[in-house]
Student: 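Got a structure for you, questions after.
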Amino acid sequence: MAAGPDKVPPTTCFNRHELREILAVYGRKVAAGEWRDYAIDMNREKAVFSIFRKASEWPLLRIEKVPKLARKQGAYSVIAATGVILKRGHDLRRVLDVLETNRMRVVR
């Protein structure tokens with residue numbers, strides 16, 4: 001469906017509950033000295049919370065919300081800098097649990 005001159009295409013974004021969950025994990029990692037900066041990007045297809053060790057680097061991790069995948073694999077995923085999906089699922093809190101462990105591993 002094409003957007004008319006008065007219609008703006010909907011933007012995918014994190015809601016307040018989702019941001020609270022993400023920022024709780026982020027705050028603990030900042031306090032531990034592991035992470036230092038973040039960025040939030042939103043477009044039609046997905047919302048991305050990028051985590052940086054330093055502001056001038058590439059993102060260390062990305063937390064993505066893709067509503068199109070909600071009925072299939074789950075809308076939420078944690079992706080490493082290499083592009084490897086560390087965890088994907090329907091429940092954001094369970095997906096973020098992969099960040100709480102000291103040893104992250106690849107999930108296929």
Side-chain angles (χ1 to χ4, degrees):
M1 175 160 97
D6 295 338
K7 293 188 179 187
V8 177
T11 301
T12 301
C13 57
F14 293 107
N15 63 33
R16 182 179 294 184
H17 173 73
E18 293 164 339
L19 279 176
R20 185 177 57 231
E21 295 290 332
I22 293 169
L23 290 173
V25 173
Y26 177 79
R28 285 191 291 275
K29 294 293 189 171
V30 168
E34 295 180 36
W35 299 343
R36 296 194 69 188
D37 201 6
Y38 72 91
I40 299 176
D41 299 310
M42 297 174 282
N43 60 41
R44 285 177 46 186
E45 289 85 30
K46 63 184 173 179
V48 181
F49 188 95
S50 301
I51 299 165
F52 298 87
R53 204 170 281 171
K54 295 180 183 173
S56 62
E57 292 182 348
W58 289 93
L60 180 64
L61 295 163
R62 293 187 329 261
I63 301 166
E64 292 189 356
K65 176 183 178 181
V66 184
K68 190 164 80 172
L69 298 176
R71 291 184 169 217
K72 298 176 184 175
Q73 304 159 344
Y76 306 104
S77 57
V78 174
I79 303 170
T82 59
V84 174
I85 297 172
L86 301 175
K87 182 118 180 177
R88 175 181 280 155
H90 300 281
D91 182 20
L92 179 60
R93 182 173 287 179
R94 286 183 164 222
V95 171
L96 293 176
D97 282 345
V98 74
L99 301 176
E100 296 289 353
T101 61
N102 291 334
R103 190 176 135 243
M104 289 189 244
R105 61 187 177 95
V106 177
V107 176
R108 294 183 193 244

Student: Of all the heavy-atom pairs spanning Leu19 and Phe14, show the shortest one and how long it is.
Tutor: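 Smallest interatomic distance, heavy atoms only, reads CG-CB, 3.8 Å.
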Student: Which atom pair, heavy atoms only, marks the closest approach of Pro59 to Ala81?
Tutor: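 In terms of heavy atoms, the two residues are closest at O-CB, 3.3 Å.
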Student: If I take atom CD1 from residue Ile63 and atom OG from residue Ser77, how far apart are they, to the nearest 0.5 angstrom?
Tutor: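 Answer for the CD1-OG pair, Ile63 versus Ser77, is 9.5 Å.
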Student: Which heavy atom in Trp35 sits nearest to a heavy atom in Lys29, and how many Å separate them?
Tutor: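 Scanning both residues, the minimum pair turns out to be CE3-CB, 3.2 Å.
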Student: Which residues pass the ring pair (Phe, Tyr, Trp, His ring centres under 6.0 Å) test with Tyr38, sequence neighbours left out?
Tutor: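 Partners of Tyr38 under the ring pair (Phe, Tyr, Trp, His ring centres under 6.0 Å) test: Tyr26, Phe49.
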Student: Among residues at least two apart in sequence or on other chains, which ones pass side chain to side chain contact (heavy atoms under 4.5 Å, CB included) with Arg20?
Tutor: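 His17.
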Student: Quick check against the 3.5 Å criterion: does Thr12 have a side-chain atom that pairs as donor or acceptor with the backbone of Arg44?
Tutor: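 Checked: pair present.
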Student: Using a 4.5 Å cut-off on heavy atoms from C-beta on, say whether the side chain of Phe52 contacts that of Leu60.
Tutor: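 Contact flag for Leu60/Phe52 side chains = no.
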Student: Would you mind listing the cluster partners of Trp58? Hydrophobic ones only (ILVMFWY), side-chain contacts under 4.5 Å, chaining allowed.
Tutor: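 ILVMFWY cluster around Trp58 holds nothing else.
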Student: Not counting sequence neighbours, which residues clear side chain to side chain donor-acceptor pair (under 3.5 Å) with Arg94? List them please.
Tutor: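 Here no residue qualifies.
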Student: Glu21: what forms a side chain to side chain donor-acceptor pair (under 3.5 Å) with it, not counting sequence neighbours?
Tutor: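 Expected list: Arg93.
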Student: Quick check: do Asn43 and Val48 have side-chain heavy atoms less than 4.5 Å from each other?
Tutor: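 Side-chain contact under 4.5 Å: no.
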Student: So, the side chain of Lys65 versus the backbone of Cys13: is there a donor-acceptor pair under 3.5 Å, distance only?
Tutor: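 Yes, the answer is positive, given that a donor and an acceptor are paired below the 3.5 Å cut-off.
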Student: Look at Glu100 together with Arg28 and state whether they make a salt bridge at an N to O cut-off of under 4.0 Å.
Tutor: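 Looking at Arg28 together with Glu100, the answer is yes, because their closest N to O distance falls below 4.0 Å.
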Student: Roughly how far apart are Ile79 CD1 and Ile51 CD1, rounded to 0.5 Å?
Tutor: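 Atom-to-atom, Ile79:CD1 and Ile51:CD1 are 11.5 Å apart.
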Student: Once you round to the nearest 0.5 Å, how far does NZ of Lys46 lie from OG1 of Thr11?
Tutor: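 It comes to 14.5 Å.
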Student: Considering non-hydrogen atoms only, spot the tightest contact between Ala80 and Arg62 and give its length.
Tutor: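 Smallest interatomic distance, heavy atoms only, reads O-NH1, 4.3 Å.
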Student: Heavy atoms, side chains only, cut-off 4.5 Å: are Leu96 and Ile22 in contact?
Tutor: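 Yes, at least one pair of side-chain atoms sits under 4.5 Å.
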Student: Do you know the tightest heavy-atom contact between Val98 and Val95?
Tutor: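 Nearest pair, atom of Val98 first, then Val95: CG1-O, 3.2 Å.
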Student: Can you give me every donor-acceptor pair (side chain of residues 66-73, partner residue at least two apart or in another chain, under 3.5 Å) with its distance?
Tutor:
{"unit_1": "Gln73", "atom_1": "OE1", "unit_2": "Arg88", "atom_2": "NH1", "d": "2.8"}

